[in-house]
Each structure stands twice: as C-alpha cells, then as structure tokens.
Amino acid sequence: MAAVVIGTTILATLTGVILSFVPKIPVFEFVVLRPPLIWFGESWIELKIDLHAEIKVQNENVFQSDVHAAIFDLYFPSWHDDFVHFGHIEDRFQRCANCATPVGGFWKVLPRKLFEVRDTLVMRIPLPNLWKIIKRLLHQAFRGGGIINVMSTGVLHLTAPPNSVKLTVTLICDTSLNLLTTRLSGNDCVIHEFNPATWKNLTLVASQMQDYAITSLQPDPVNGTVIVSGKAQLKQS
C-alpha cells in the first residue's frame, strides 16, 4: 500500500513538473492611448495606421521569451461562414523580420510576470475591402454593444535563454476589439505550429497563415469565435 502511495506521489510530482514546462500561450491585450496617425501606404492600395499603444502580456511560463519579430493579422466573420482579412499589425521598432541570426529582442517577456510596455504598432488595412470592412465591423459593434469578436493569426520569432534557442511560433486566437475603450484582447489562443531551432521566413509564414485562415477555418455562426475545446474549428468538407 505504501509503495502505491509513494508511486502515485512520484507520478503526480513528475506530471506537475512536465506540465510546468509545456508552453502556455500568454494572454495579451493592446490599448490604444492616443488618436492614431493615418496615411497611405507605399503602394497606395492600403492605409497605414500608427497605433501608440500600451501592450500587456501575462506570461505564465517558467521560461523567458525574447521577441525578435512578430506579425499579427486580423479577420472578421463574414455573412458566408468564413473569415475576411482586414488588418495586418507589426511592431514599428522590430529590427529584422527575417534575420538569420539573433540581433536582440525588442521585448523581453520574463517568466511568471506581467509584461507591460508602451510601443508603436503599425496596422495596414487594404483599401479595396475598406467599405466592406467598415460595414461589417459597424454591424458587429452595434450587435455587441461596441465589442467586436474577431480572429487573429500570429507569427513570432522568439529566442529562449540561456542559449538563445530560436523558435518560430504560429498562433490562432479568438480576439475581441472594444471600440469604446480601443482595447484589443486575445481571449483564447492555440499554437498552430511550433518550430524549434529555426526562424522561418516571417513574411512567407504570415501569408500562409492568412491563406489557411481564409480557406480552412470556420467561425461559430452565433458569436464568430473559432476556438472550440482547445482547437481551431475547421470548415466542414
């Protein structure tokens, strides 16, 4: 009997240790602090918006992550049970989107800490879909009391101390956009791919994630969310 109790205790302890090292996706939110600066992009087919924001990331992991580059894309659920891409966000001060070697992360997210920083994000909105985007978002905001449920995909280049191990991580998140408080919050996220020891081409992977989101994912018809029981909901074949 004692052997069973000891064995159970050891198993529970080992399970707890193992689970503590399983990556947990940090909860994040962006709050825009002042009116954005808007201008046309280089190609004149997109709007570029400077967002001076307060960024918060709650890291429950036992290891530090240094963020070297990040791209997030935003999508809203259409009336046809699919997603429409409407925004592309990246940090204005990230040093390199596709470097071969680490050059120093612009965010250092410490373990078991709330990371907070004020930073400038650049958002790009495609002009050809602008009127469709405005109509759909206003419709959702009216139904949701100023809160819009959107989906986001993210691609990050990370390094993990102590040996600056490279990681490329892609995410799919249910995200809410509060137009009254100008707050964008990641409510529920899943890791789509986790690639250790390498940095993949960030721009290429972000484009692939866009294609995957639009062609393969399906929003919930009631609330527009995509994460169900810890998995992204796929379209029915």
Point-to-point distance, once rounded to the nearest 0.5 Å, from [atom1] of [X] to [atom2] of [Y]:
X: D66; Y: L110; atom1: CG; atom2: CG; value: 8.5 Å
X: K56; Y: E29; atom1: NZ; atom2: CD; value: 5.5 Å
X: R124; Y: F86; atom1: CZ; atom2: CZ; value: 15.5 Å
X: M123; Y: E46; atom1: CE; atom2: CD; value: 11.5 Å
X: F76; Y: K135; atom1: CZ; atom2: NZ; value: 10.0 Å
X: S185; Y: N178; atom1: OG; atom2: CG; value: 8.0 Å

Any [X] side-chain heavy atom under 4.5 Å of [Y] side chain:
X: K166; Y: T198; result: no
X: F83; Y: Q218; result: no
X: L217; Y: Y212; result: yes
X: V169; Y: L158; result: yes
X: L167; Y: F194; result: yes
X: V109; Y: Q64; result: no
X: I172; Y: M209; result: yes
X: L202; Y: E90; result: no

What are the two closest non-hydrogen atoms of [X] and [Y], and how far apart are they?
X: G145; Y: L180; answer: O-CD1, 3.9 Å
X: Q233; Y: P219; answer: NE2-O, 4.1 Å
X: I148; Y: L179; answer: CD1-CD1, 3.8 Å
X: S176; Y: I147; answer: CB-CG2, 4.2 Å

Exercise for the section: Might you work through the ring pair (Phe, Tyr, Trp, His ring centres under 6.0 Å) test for F28 and F72, ending with a clear yes or no? Expected result: CA-CA 12 Å; F28 67 87; F72 279 87; 5.8 Å; yes

So, does [X] use its side chain to make a donor-acceptor pair with the main chain of [Y] at under 3.5 Å?
X: R112; Y: E60; answer: yes
X: S207; Y: T203; answer: no
X: H85; Y: G87; answer: yes
X: D174; Y: V226; answer: yes
X: N201; Y: L204; answer: yes
X: H157; Y: K200; answer: yes
X: D82; Y: I214; answer: no
X: T170; Y: E193; answer: yes

Practice task
Determine, step by step, whether L127 and L47 satisfy the side-chain contact (heavy atoms from CB on, under 4.5 Å) criterion, reporting the C-alpha distance in whole Å, the side-chain angles of both residues, the deciding distance to 0.1 Å, and the verdict.
Solution key: CA-CA 7 Å; L127 282 177; L47 289 179; 3.6 Å; yes

May I ask whether [X] and [Y] are part of the same hydrophobic cluster, defined by side-chain heavy atoms of I, L, V, M, F, W, Y residues being less than 4.5 angstrom apart, directly or through others?
X: I134; Y: F142; value: no
X: L184; Y: L114; value: no
X: V57; Y: L33; value: no
X: V67; Y: V117; value: yes

Problem - Derivation of the side-chain contact (heavy atoms from CB on, under 4.5 Å) call for L121 and I55 - result: CA-CA 10 Å; L121 306 174; I55 300 164; 4.0 Å; yes

Problem - Result of checking I125, V122, I71 against H88 for side chain to side chain contact (heavy atoms under 4.5 Å, CB included) - result: I71

Exercise for the section: Apply side-chain contact (heavy atoms from CB on, under 4.5 Å) to V190 and I227, showing your working. Expected result: CA-CA 8 Å; V190 295; I227 307 299; 3.8 Å; yes

Problem - Sequence neighbours excluded - side chain to side chain donor-acceptor pair (under 3.5 Å) pairs with any residue from residues 143-155 - result: Y75-T153, S152-T175

Problem - Full working for side chain to side chain donor-acceptor pair (under 3.5 Å) between D50 and T120 - result: CA-CA 7 Å; D50 268 7; T120 301; over 6 Å; no

Fill in the blank from the handout: Sorted by chain and number, sequence neighbours left out, side chain to side chain contact (heavy atoms under 4.5 Å, CB included) with V32 holds for L51, T182

Practice task
Could you tell me whether W199 and H68 have their ring centroids closer than 6.0 angstrom?
Solution key: yes

Handout entry: Criterion side-chain contact (heavy atoms from CB on, under 4.5 Å) on T181 and V31, from CA distance to verdict
Key = CA-CA 8 Å; T181 62; V31 181; over 6 Å; no

